[in-house]
Amino acid sequence: MTIKEVSKKFEITADALRYYERAGMIPPVSRTTGGTRDYQDEDLRWVELALCMRSAGLPVEVIAEYVRLTQLGDSTIPDRLTLLQRQQEVLLEQQRQIGMAVDRLKHKISVYENALETGKLNWNQKES
């Protein structure tokens, strides 16, 4: 696939794809004899993984390190496992914090919904 086709498939810019490769977030992409990027199935799987990891909030450096370790072979499996476990812990903490924020918003929403129904704000429920 050409970079234009991959860009369309994943709904990201060609510049972003080039950046992913340059930053090490995906391994070097296959090339034609003329030097044009020619994305193969394996390349597409790496792009998909990079997008998934970025959307989860993983830093570029962490993704690049994971790719680097993968390219070094099976001897890095323990390091890759540790890297992924650390990132999972970070994401779970973010999820916990988001859950707390959602609960707080639910409470505030119920306070204001009650105020709309009764015509007054209940000072006992009100908090900042």
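Quick note: numbers below take in every heavy atom, side chains included, and nothing from hydrogens, waters or symmetry partners. Here the structure is a predicted model, which means the values were calculated and not measured.
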Worksheet item: Does anything in residues 5-17 pair up under salt bridge (charged side-chain N to carboxylate O under 4.0 Å, His left out), and if so which pairs, sequence neighbours excluded?
Response: Asp15-Arg18
Worksheet item: Which heavy-atom pair separates Ala64 from Ala23 by the least distance, and what is that distance?
Response: CB-O, 3.4 Å
Discussion item. Quick check for you: to the nearest 0.5 Å, what is the distance between Ile12 atom CD1 and Leu51 atom CG?
Written reply: 4.5 Å
Discussion item. How close do Ala14 and Ser7 get, counting heavy atoms only, and between which atoms?
Written reply: N-OG, 3.6 Å
Item to complete: Identify whether Val62 and Val90 are in the same connected component of the hydrophobic contact network (ILVMFWY, side-chain heavy atoms under 4.5 Å).
Response: no
Practice prompt. Kindly write out the residues that satisfy side-chain hydrogen bond (donor to acceptor under 3.5 Å, both in side chains) with Arg22, not counting sequence neighbours, or none if the list is empty.
Written response: none
Worksheet item: Can you name the residues that form a side-chain contact (heavy atoms from CB on, under 4.5 Å) with Ala115, not counting sequence neighbours?
Response: Leu121
Worksheet item: In terms of hydrophobic clustering (I, L, V, M, F, W, Y; side-chain heavy atoms under 4.5 Å; direct or indirect links), are Leu83 and Leu81 co-clustered?
Response: no
Fill in: From Leu44 atom CG to Asp41 atom CG, the distance as rounded to the nearest 0.5 Å
6.0 Å
Would you tabulate the side-chain donor-acceptor contacts of residues 24-35 under 3.5 Å, counting partners in other chains and residues two or more places apart, or write 'none'?
residue, atom, partner, partner atom, Å
Ser30, OG, Asp43, OD2, 3.2
Arg31, NH1, Gly35, O, 2.8
Thr32, OG1, Gly34, N, 3.3
Thr32, OG1, Gly35, N, 3.4
Thr32, OG1, Thr36, N, 3.1

Worksheet item: Taking only residues two or more places apart in sequence or in another chain, which ones pass side-chain hydrogen bond (donor to acceptor under 3.5 Å, both in side chains) with Glu48?
Response: none
Worksheet entry | Any pair counted as side chain to side chain donor-acceptor pair (under 3.5 Å), so long as it reaches residues 77-92, sequence neighbours left out | Thr76-Arg80
Worksheet item: What pairs of residues pass the side chain to side chain donor-acceptor pair (under 3.5 Å) test when at least one of them lies in residues 52-65, not counting sequence neighbours?
Response: Glu65-Arg68
Discussion item. My understanding is that only residues two or more places apart in sequence, or in another chain, count here; which of them pass side-chain contact (heavy atoms from CB on, under 4.5 Å) with Ala56?
Written reply: Leu58, Leu91
Fill in: Partner residues of Arg45 under the side-chain hydrogen bond (donor to acceptor under 3.5 Å, both in side chains) criterion, sequence neighbours left out
Glu42
Discussion item. For Asp103, I'd like to know if atom CG has over 12 heavy atoms of other residues, nucleotides or ligands within 6.0 Å.
Written reply: yes
Practice prompt. Enter the distance from Trp46:CH2 to Tyr66:OH here, rounded to the nearest 0.5 Å.
Written response: 5.5 Å
Worksheet entry | side-chain hydrogen bond (donor to acceptor under 3.5 Å, both in side chains) against Thr70, all qualifying residues, sequence neighbours excluded | none
Practice prompt. For Glu117, enumerate each residue passing the salt bridge (Lys or Arg N to Asp or Glu O under 4.0 Å) test, keeping only those at least two apart in sequence or located in another chain.
Written response: none
Worksheet item: According to the salt bridge (charged side-chain N to carboxylate O under 4.0 Å, His left out) rule, which pairs have a member within residues 90-99, sequence neighbours left out?
Response: Glu93-Arg96
